[in-house]
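Just the heavy atoms: all of them, side chains too, but no hydrogens, waters or symmetry mates, feed the values below. Residue numbers begin at 1 in each chain, while the letters A, B, ... track the order of the sequences. Since we're looking at a predicted model, the values are computed, not measured.
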Number of protein chains: 2
Amino acid sequence: MGTTQLETVPEPKYWHLRTVLSEALESEFSVGEILPNERDLAARFGVARATLRQALEQLELEGRLQRRRGVGTTVAPPRVGVAVGTEQHAWPGAGEDGWQATDSALAVPPATVADALVTGAEDPVHIVRRSRVTHGQPVAAELLYVPQSSVPDLSAIDAPSGAARARAVLRELQRLELEGQESAVELGSARADEARELDRLTGAPVLVVTTRYLAHGRTAALSVATYRADTCRLTFGDTGGVEIHQDPERRAS
Amino acid sequence: MGTTQLETVPEPKYWHLRTVLSEALESEFSVGEILPNERDLAARFGVARATLRQALEQLELEGRLQRRRGVGTTVAPPRVGVAVGTEQHAWPGAGEDGWQATDSALAVPPATVADALVTGAEDPVHIVRRSRVTHGQPVAAELLYVPQSSVPDLSAIDAPSGAARARAVLRELQRLELEGQESAVELGSARADEARELDRLTGAPVLVVTTRYLAHGRTAALSVATYRADTCRLTFGDTGGVEIHQDPERRAS
DNA sequence: CAGTGGTCTAGACCACAAT
DNA sequence: TTGTGGTCTAGACCACTGT
């Protein structure tokens, strides 16, 4: 990476900088390599640190860089593809899918969740916490809402919370016949608790996947999962086929 | 919205500010309403304009606000759900789906696209441009790559480009038997041309949906569509059911 | 401890839309 | 021309990680 001077172009400095850095990442750096620190980089390009940071922010958003306070900025590996909408129509917790149930308790869900489920606004539901790990990295945190009516036989369980209870709820869910599921994906920012679980800072961009599981013509469960937007590529497929890879710059012809 | 003073809390000012503004949006503003300008807001909360802007940025990312240069900051309507992965297994361009084919030409695709398709690296493919409009707002811009082998009968077409040619490519595509499709969603930032088409600034956050269409055991077409991340909620479903709505704050129990 | 990225300030000027 | 959001600067200090 030379001491390139920025030309006077009709585009913002930080955007041009992003392009220059992007090319440098491809040609002069390898995955995991650590970049010079922000103060040095800014000086090298003759811009204020804030401007340099704006460029780095873009690249981090695009999954090209990873920044960690107290450590430095490193070149990120390509995004990992995580399957979220396979055609197998499987209940959460079926098979080995990388999810780990961590906790569960009976509580009153947020109003919008109660709406989507058929329960009354004050009816408590089972809330199952799960986290998903891929390649040793945490990629998602989920809250799964299960109305008591979906798992009537669970009354036998006496544990008020804990991982074992979470697994019990999931096990009971398998007994229902799954008729279908539908998901929605949108951009959000990590709440403090989610951020902690995903090893990111509060406010980090996440992809929020809301999935509704249908059985008996009703919504039998509702899942709200937040995925790290910087490291994940969510795959929805009905073929189980090969990975589709995306060019860092999505260059058009 | 009062002249609330920020308390000293162990969280960043901009994050606290985001929360305060978020609550104000729910209780004191209605959709489309215009907020006080940034300088006034910053003064009112006793912070620098840059800090106030950091909070607004978060809220815009979450689809709560819309900012337009020269105009102001307005309260955004709830995100619109746009279907991207229905179970009907339909080719692009089938039926009325909100897409509009605008142009098409024969050109050599980017290397990564050529990889996904089976074509050689230098083989030109049909590139179809489409844009998607919902509720009068542009929500997505797409590039559809179709190998010549997928539409052999198209050779009869002599127009080198144009909307009519684009429609012809799509029409030919319908004749193939679609075996399946698989999609991936990831976060990206709008290139200059995409940004123009989506009525946003360069670098605006977008959801990039890459879809592979399968026929005859091969990839018959590849679509790369960029959706406005601020206004869109992408839905993948196999039930055609009701909308799932998401609480502005995604409050956990 | 030294070094990193994260937050924050108080300004300045620019690009754009409406008047 | 006026007022808006967008860009940029040159600092300061904070929070965290490693040694």
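- The distance from atom CD of A:Gln54 to atom C1' of D:dG5 is 13 Å, rounded to the nearest whole Å.
- Computed from coordinates, the A:Asp199 CG to D:dC16 C1' distance equals 13 Å when rounded to whole Å.
- Paired with B:Arg64 under the rule side chain to side chain contact (heavy atoms under 4.5 Å, CB included), one option of B:Gln58, B:Glu26, B:Arg18 passes, and it is B:Glu26.
- Between A:Asp230 and the options A:Arg200, A:Gln66, A:Arg67, a side-chain hydrogen bond (donor to acceptor under 3.5 Å, both in side chains) holds for only A:Arg200.
- Between C:dT7 and B:Tyr14, a contact under 4.0 Å exists linking OP1 or OP2 to a side-chain N or O.
- Here C:dG5 presents its C1' atom at 12 Å from CG of A:Leu41, a figure rounded to the nearest Å.
- Put simply, CG on A:Leu65 is 11 Å from P on C:dG6, counting in whole angstrom units.
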Could you encode protein contacts along nucleotides 9-18 of chain C as a string, one character per nucleotide from 5' to 3', using B for base contact, S for sugar-phosphate-only contact and - for no contact, with a heavy-atom cut-off of under 4.0 Å?
B--BB-BBS-
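- Regarding B:Asp40, its CG atom lies at a distance of 7 Å from the P atom of D:dT4, rounded to whole Å.
- The interatomic distance linking A:Gln66 (CD) with C:dG6 (P) rounds to 11 Å, in whole Å.
- In this structure A:Glu197 satisfies the salt bridge (Lys or Arg N to Asp or Glu O under 4.0 Å) test with no other residue, sequence neighbours excluded.
- The residues A:Glu38 and A:Arg53 are annotated as salt-bridged, a charged nitrogen and a carboxylate oxygen being separated by less than 4.0 angstrom.
- Atom P of nucleotide C:dC8 and atom CZ of A:Arg53 are separated by 11 Å, given to the nearest angstrom.
- Toward the 5′ end of DNA chain D lies the nearest nucleotide of B:Asn37, the other residue of the pair B:Asn37 and B:Thr202 mapping further downstream.
- Contacts of B:Leu56 with the nucleic acid, taken as non-hydrogen atoms under 4.0 Å apart, are absent.
- Exactly one of A:Asp40, A:Thr74, A:Leu25 qualifies for a side chain to side chain contact (heavy atoms under 4.5 Å, CB included) with A:Leu35. That residue is A:Leu25.
- Remark: B:Gln137 engages no residue in a side-chain hydrogen bond (donor to acceptor under 3.5 Å, both in side chains) (not counting sequence neighbours).
- More than 12 heavy atoms of other residues, nucleotides or ligands sit less than 6.0 Å from atom CZ of B:Arg49.
- For B:Glu57 and C:dC8, the CD to P distance is 13 Å, given to the nearest whole Å.
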